[in-house]
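Starting off with a structure, shown below.
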Amino acid sequence: MSSFLRPAVPGPHDPPARAGAPEPAAAASTVAATSTVTATHTATAASTATAALDRIPARYRPISSHLAITPPVSVVIPAMNEAENLPHVFGTLPGWIHEVVLVDGNSTDATVDVARGLRPDVKVVKQVGKGKGDALISGFAACTGDIIVMVDADGSADGQEIVSYVSALVGGADFAKGSRFANGGGTDDMTPIRKLGNRILCGIVNAKFGARYTDLCYGYNAFWRHCLESITLDCTGFEIETLMNIRVVKAGLRVQEVPSHEYLRIHGVSNLSAVRDGLRVLRVILKEKGVRRAARGGPATGLNSPRKEAS
């Protein structure tokens, strides 16, 4: 019989007990005592682990099974008549974000109602002015998180990529810039003429401002809120993304590109015009050439100005 399956009471064919070996009753008592000690140690370890978890500040937000962050993350979504797209957009947002700020550009559909139905705690900002730039400035002013993420409402951005942006920021970057042309990025939505225009404009910015961008006109970005103290945002249209990219470089902030994939708009028609908005971007680039930061006054992004009505 195997020694691992030896019965507690010796049988007639079992070898005699070795000298000094404990009697069965004594052995059983020893096992019981050992089990008691093991159980006590297990209970103590569990209690210690629970106490350690209790000491972890509640402000830590778990991102995955092995990663958590301290800074709260705000997501700003400018929207106008995007009721059909919001279920997809909100559905891709990670559960650990701090807040969603929806800037409504006077929608005539159910954009606001859909947003509140999907996320009752959504912060709705009624846009006073017009244009994407104005909407983003209003949204930034309403944010309470330490990290701000810009996401479009047309379904072209994947909210699951936010973790990559946040990782870049907590890793040391001030501004995490999405790029469709960095290794690992891509786009399903750019025509050849838009790709060419973006490439030319990006090259001009790199040459004039010492940047090393692979993409310029892309609205999926994230940054620490304190960056708003170092840049002035004073344009109202789509060109605000280019303006931010230029001014973070001129301010000496640490920029890291994050590969991102741009998908097709799900519903509706884009208000973007390749020629019109391309010319507006070019004007921003030319205007910024040789401008000293000390000459630009005024509040960072209008954070103290009454641009919004939050609810």
Side-chain angles (χ1 to χ4, degrees), residues 69-76 78 97-98 101 132-133 135-152 157 161-183 185 198 201-260 281 284-304:
I69 62 170
T70 302
V73 177
S74 298
V75 176
V76 177
I97 59 176
H98 167 61
V101 177
K132 184 177 183 179
L136 285 173
I137 292 172
S138 299
F140 297 161
C143 290
T144 60
D146 294 332
I147 290 176
I148 299 176
V149 184
M150 304 156 51
V151 176
D152 287 341
E161 292 181 0
I162 290 178
V163 65
S164 299
Y165 288 84
V166 172
S167 296
L169 295 175
V170 298
D174 296 309
F175 190 87
K177 180 186 173 305
S179 174
R180 295 161 292 186
F181 304 110
N183 187 26
N198 184 76
L201 294 171
C202 188
I204 295 174
V205 168
N206 288 343
K208 288 189 175 181
F209 303 105
R212 291 179 291 182
Y213 294 145
T214 60
D215 197 353
L216 184 67
C217 307
Y218 189 42
Y220 200 172
N221 303 302
F223 54 90
W224 291 101
R225 193 171 189 275
H226 67 73
C227 292
L228 296 174
E229 301 172 3
S230 302
I231 61 177
T232 301
L233 302 181
D234 49 13
C235 65
T236 61
F238 284 96
E239 69 274 14
I240 191 172
E241 297 150 3
T242 296
L243 185 69
M244 294 181 73
N245 292 335
I246 292 174
R247 291 186 176 173
V248 293
V249 170
K250 296 183 70 174
L253 299 176
R254 290 165 293 182
V255 181
Q256 180 176 332
E257 285 197 328
V258 176
S260 177
V281 168
V284 164
I285 296 172
L286 296 177
K287 181 181 177 181
E288 285 293 300
K289 180 183 178 181
V291 177
R292 294 184 179 179
R293 287 203 53 78
R296 292 200 294 268
T301 60
L303 295 182
N304 298 319

Inset, instruction - Evaluate the side-chain proximity of Ile137 to Ile240: yes if any heavy-atom separation is below 4.5 Å, no if none is. - result: yes
Inset, instruction - Taking all non-hydrogen atoms of both residues into account, name the closest pair between Val249 and Tyr213 and its distance. - result: CG2-OH, 3.0 Å
Legend entry - Separation between CG of Asp215 and OG of Ser179, rounded to the nearest 0.5 Å: 4.5 Å
Legend entry - Shortest non-hydrogen contact from Cys227 toward Asp174: SG-O, 3.3 Å
Legend entry - Contact summary for Asn198 and Cys217, nearest pair of heavy atoms: OD1-N, 3.0 Å
Inset, instruction - Evaluate the side-chain proximity of Ile285 to Phe209: yes if any heavy-atom separation is below 4.5 Å, no if none is. - result: yes
Inset, instruction - Run the numbers on Phe175 and Asn245 for side-chain contact (heavy atoms from CB on, under 4.5 Å), then give the verdict. - result: CA-CA 9 Å; Phe175 190 87; Asn245 292 335; 3.7 Å; yes
Inset, instruction - Would you check if the side chain of Tyr220 reaches a backbone N or O of Arg180 as a donor-acceptor pair within less than 3.5 Å? - result: no
Inset, instruction - Could you list the residues that satisfy ring-ring contact (aromatic ring centres under 6.0 Å, His included) with Tyr218, not counting sequence neighbours? - result: none
Legend entry - Val75 and Ile162, any side-chain heavy atoms less than 4.5 Å apart: yes
Inset, instruction - Look at the side chain of Trp224 and the backbone N and O of Val170, then say whether any donor-acceptor pair between them is shorter than 3.5 Å. - result: no
Legend entry - CA sep, side-chain torsions, deciding dist, call: Lys208, Glu288, salt bridge (Lys or Arg N to Asp or Glu O under 4.0 Å): CA-CA 9 Å; Lys208 288 189 175 181; Glu288 285 293 300; over 6 Å; no
Inset, instruction - Decide yes or no for Lys177 and Met244: does some side-chain heavy atom of the first lie under 4.5 Å from some side-chain heavy atom of the second? - result: no
Inset, instruction - Output the distance between atom CD (Glu239) and atom CG (Leu216), rounded to the nearest 0.5 Å. - result: 11.5 Å
Inset, instruction - Quick one: pull up CD in Glu257 and CG in Asn183 and give me the separation to the nearest 0.5 Å. - result: 11.5 Å
Inset, instruction - Can you sort out the partners of Glu161 under salt bridge (charged side-chain N to carboxylate O under 4.0 Å, His left out), two or more places apart, ordered by chain and number? - result: none
Legend entry - Geometric class of the Phe140/Phe223 ring pair [parallel <30°, tilted 30-60°, perpendicular >60°]: perpendicular
Legend entry - Shortest non-hydrogen contact from Ala251 toward Ser230: CB-O, 3.8 Å
Inset, instruction - For Ala176 and Ala168, work out which heavy atoms get closest and say how close. - result: CB-CB, 4.2 Å
Legend entry - Closest contact, heavy atoms only, Leu243 versus Cys235: CD2-SG, 3.6 Å
Ignoring hydrogens and angles, write down the donor-acceptor pairs under 3.5 Å from the side chains of residues 143-151, residues two or more places apart or on other chains.
from: Thr144; atom 1: OG1; to: His98; atom 2: NE2; distance (Å): 2.9
from: Thr144; atom 1: OG1; to: Glu99; atom 2: OE1; distance (Å): 3.1
from: Thr144; atom 1: OG1; to: Glu99; atom 2: OE2; distance (Å): 3.1

Inset, instruction - Evaluate the side-chain contact (heavy atoms from CB on, under 4.5 Å) criterion for residues Thr242 and Leu201: first the C-alpha distance (whole Å), next the side-chain angles of each, then the deciding distance (0.1 Å), finally the verdict. - result: CA-CA 9 Å; Thr242 296; Leu201 294 171; over 6 Å; no
